[in-house]
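Everything below concerns the one structure shown next.
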Amino acid sequence: MNYRRLGASGLSVSEIAFGNWITHGAQVDNDTAYACVRAALDAGITTFDTADVYSDTKAETVLSQALRGVRRESVELCTKVFHPTGTGQNDKGLSRKHIMEACHASLNRLQTDYIDVYYAHRFDERTPLEETFLAFSDLVRQGKVLYIGISEWTAGQIAEGAALARELKVPLIASQPQYSMLWRVIEAEVVPACEREGIGQVVWSPLAQGILSGKYMPDKPVPQGSRASTPAGASFFERLAGRWMRTEVLQAVSRLSSLAHEAGLTLPQLAIAWVLQNPQVSAAIIGASKPEQVQENVKAAGLRLDPEMMREIDHILEGLVERDPGKTG
Ligand code: NDP
């Protein structure tokens with residue numbers, strides 16, 4: 001494994017991080033979840049990503065069980081707040097009340113005294129940003145949170161947040177956007193805005209939820225057991241990756257598979273290596289339903305793709321890549 005600084009901060013993260021959205025507490029049983037985390041640890045992954053909302057709050061608990069016995073200082077535990085975790089009118093968003101309550105609930109489920117990176121999972125239009133950042137500042141001063149991140153915020157929202165973070169001396173160091181060969185909407189605005197503020201990118205769905213594994217084939221039924229086929233994953237897959245289940249995209253993905261094989265790689269390895277070529281990316285968060293996927297995917301760490309390979313990828317995906325920064329969030 002290779003390790004990178006998260007933005008301009010002093011915190012090191014594994015350049016491949018492990019996330020448990022959809023899988024832990026939902027798609028996979030606990031023994032499989034533990035085996036995936038074990039495979040991640042064995043490969044040198046130290047950065048673990050979850051959220052209070054994943055699997056109706058069960059994912060944080062499963063992750064903490066999977067990490068039982070692991071030295072706390074040896075891992076970076078990251079979680080998020082914003083999406084509803086209950087039915088009350090204050091069980092969501094970035095109000096001071098919800099941030100404080102959600103943080104304590106996450107600490108409890110994660111069985112830890114502190115969260116390494118605490119993300120605002122989305123921007124909250126209904127709460128003054130000062131209120132949000134003052135709550136973050138208090139959590140940082142109390143030692144319950146070490147660093148702050150944001151997820152799927154626009155460049156303008158990031159600039160506003162960074163100004164407040166500076167004023168309140170809050171270490172805002174991470175942005176967590178979707179980024180893959182197929183989804184490059186952060187490149188035009190979010191990445192430059194973050195670079196100016198010393199904020200690193202910790203990117204999600206580098207395989208476009210499995211599309212960039214090559215397992216979904218044009219005109220073939222989705223494979224049994226894949227995210228697109230499971231009750232836990234199908235609706236998220238449809239909502240976020242459904243746009244790629246088109247013949248022309250899947251045919252291009254099949255050409256990418258051949259390109260990867262010619263280079264001695266698998267397509268997941270090529271796709272993860274591709275996001276890691278961007279120097280503004282501090283880590284790629286992978287998901288896995290089987291430990292073998294982790295073992296395969298971590299081999300992308302440290303790979304250099306030559307410029308000709310990068311051009312060939314762009315050529316194969318011409319006209320299929322989403323780049324509109326307006327699609328952020
Ligand atoms: P990926 O794009 O890496 O997709 C992971 C899924 O692809 C796996 O669960 C598996 O699904 C399939 N897969 C992985 N490796 C292989 C392989 N080698 N061969 C075949 N199939 C493979 O990432 P995710 O979409 O899971 O997102 C990763 C993490 O990012 C999340 O866990 C979460 O922590 C974070 N995230 C953050 C969001 C945010 O709003 N901030 C939003 C979404 C995710 P299967 O086997 O079931 O088909």
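Please read all numbers here as calculations on a predicted model, not as lab measurements. Counting starts at 1 for both ligands and their atoms, following the listed order.
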At under 4.0 Å between heavy atoms, which part of [X] makes contact with ligand 1: side chain, backbone, both or neither?
X: R227; value: both
X: A51; value: neither
X: I22; value: neither
X: A208; value: backbone
X: Y119; value: neither
X: S205; value: both
X: S289; value: both
X: E152; value: neither
X: P268; value: side chain

Just to confirm my output: which protein heavy-atom neighbour is closest to [atom], and how far is it?
atom: atom 37 (C) of ligand 1; answer: Q176 OE1, 3.1 Å
atom: atom 45 (P) of ligand 1; answer: K215 NZ, 3.3 Å
atom: atom 29 (C) of ligand 1; answer: I285 CG2, 3.6 Å
atom: atom 18 (N) of ligand 1; answer: N297 OD1, 3.0 Å
atom: atom 5 (C) of ligand 1; answer: G287 O, 3.4 Å

Looking at [X], which atoms of ligand 1 are within less than 4.0 Å of one of its heavy atoms?
X: S213; answer: 19 (N), 20 (C), 21 (N)
X: R122; answer: 39 (C), 40 (O)
X: K80; answer: 41 (N)
X: Q27; answer: 47 (O)
X: E296; answer: 18 (N)
X: A288; answer: 8 (C), 9 (O)
X: H121; answer: 39 (C), 40 (O), 41 (N)
X: D49; answer: 33 (C), 34 (O), 35 (C)

Query raised in the report: Which residues satisfy the salt bridge (charged side-chain N to carboxylate O under 4.0 Å, His left out) test with E296, sequence neighbours excluded?
Result: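 Applying salt bridge (charged side-chain N to carboxylate O under 4.0 Å, His left out) to E296 gives none.
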Please check if any side-chain donor atom of [X] sits under 3.5 Å from a side-chain acceptor atom of [Y], or the reverse.
X: E76; Y: T47; result: yes
X: E101; Y: N90; result: no
X: E60; Y: Y54; result: no

Requested in this report: Kindly confirm or rule out an N or O of I286 lying under 3.5 angstrom from an N or O of ligand 1.
Outcome: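 For ligand 1, there is no N or O atom that lies under 3.5 Å from one belonging to I286.
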Query raised in the report: Considering distance alone, does some N or O of W21 sit under 3.5 Å from an N or O of ligand 1?
Result: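 Min N/O separation from ligand 1 is below 3.5 Å for W21.
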Between the side chain of [X] and the main-chain N/O of [Y], is any donor-acceptor distance below 3.5 Å?
X: S64; Y: R109; answer: yes
X: S137; Y: V170; answer: no
X: Q27; Y: H24; answer: no

Report summary line: Out of W204, F18, Y216, W183, the nearest non-hydrogen contact to atom 39 (C) of ligand 1 is supplied by W204
Query raised in the report: Heavy-atom distance to atom 13 (N) of ligand 1: which of Q295, Q209, K290, Q293 wins?
Result: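 Looking at heavy atoms only, the winner is Q293.
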Requested in this report: Tell me, please: is Q178 in heavy-atom contact with ligand 1, that is, under 4.0 Å?
Outcome: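 In this structure, Q178 fails to qualify as a contact of ligand 1 - no heavy atom is under 4.0 Å.
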Is the shortest distance from a Lys or Arg side-chain nitrogen in [X] or [Y] to a carboxylate oxygen in the other one below 4.0 Å?
X: E152; Y: R122; answer: no
X: K144; Y: D138; answer: no
X: D113; Y: R72; answer: no
X: E248; Y: R246; answer: yes

**Report entry** Results of ring pair (Phe, Tyr, Trp, His ring centres under 6.0 Å) for Y119 - residues two or more places apart only
**Finding:**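 Expected list: none.
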Requested in this report: Verify the cluster assignment for I115 and L11: are they in a single hydrophobic cluster under the rule of side-chain heavy atoms below 4.5 Å apart?
Outcome: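 No, I115 does not connect to L11 through the hydrophobic network.
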Query raised in the report: Could R227 and Y216 be counted as a cation-pi pair, given that NZ or CZ must be under 6.0 Å from the ring centre and within 45° of the axis?
Result: no
Query raised in the report: Between F133 and W153, how do the two ring planes meet: parallel, tilted or perpendicular, split at 30° and 60°?
Result: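 Because their plane-to-plane angle is over 60°, the rings of F133 and W153 count as perpendicular.
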Query raised in the report: Are F237 and W244 near enough that their ring centres are under 6.0 Å apart?
Result: no
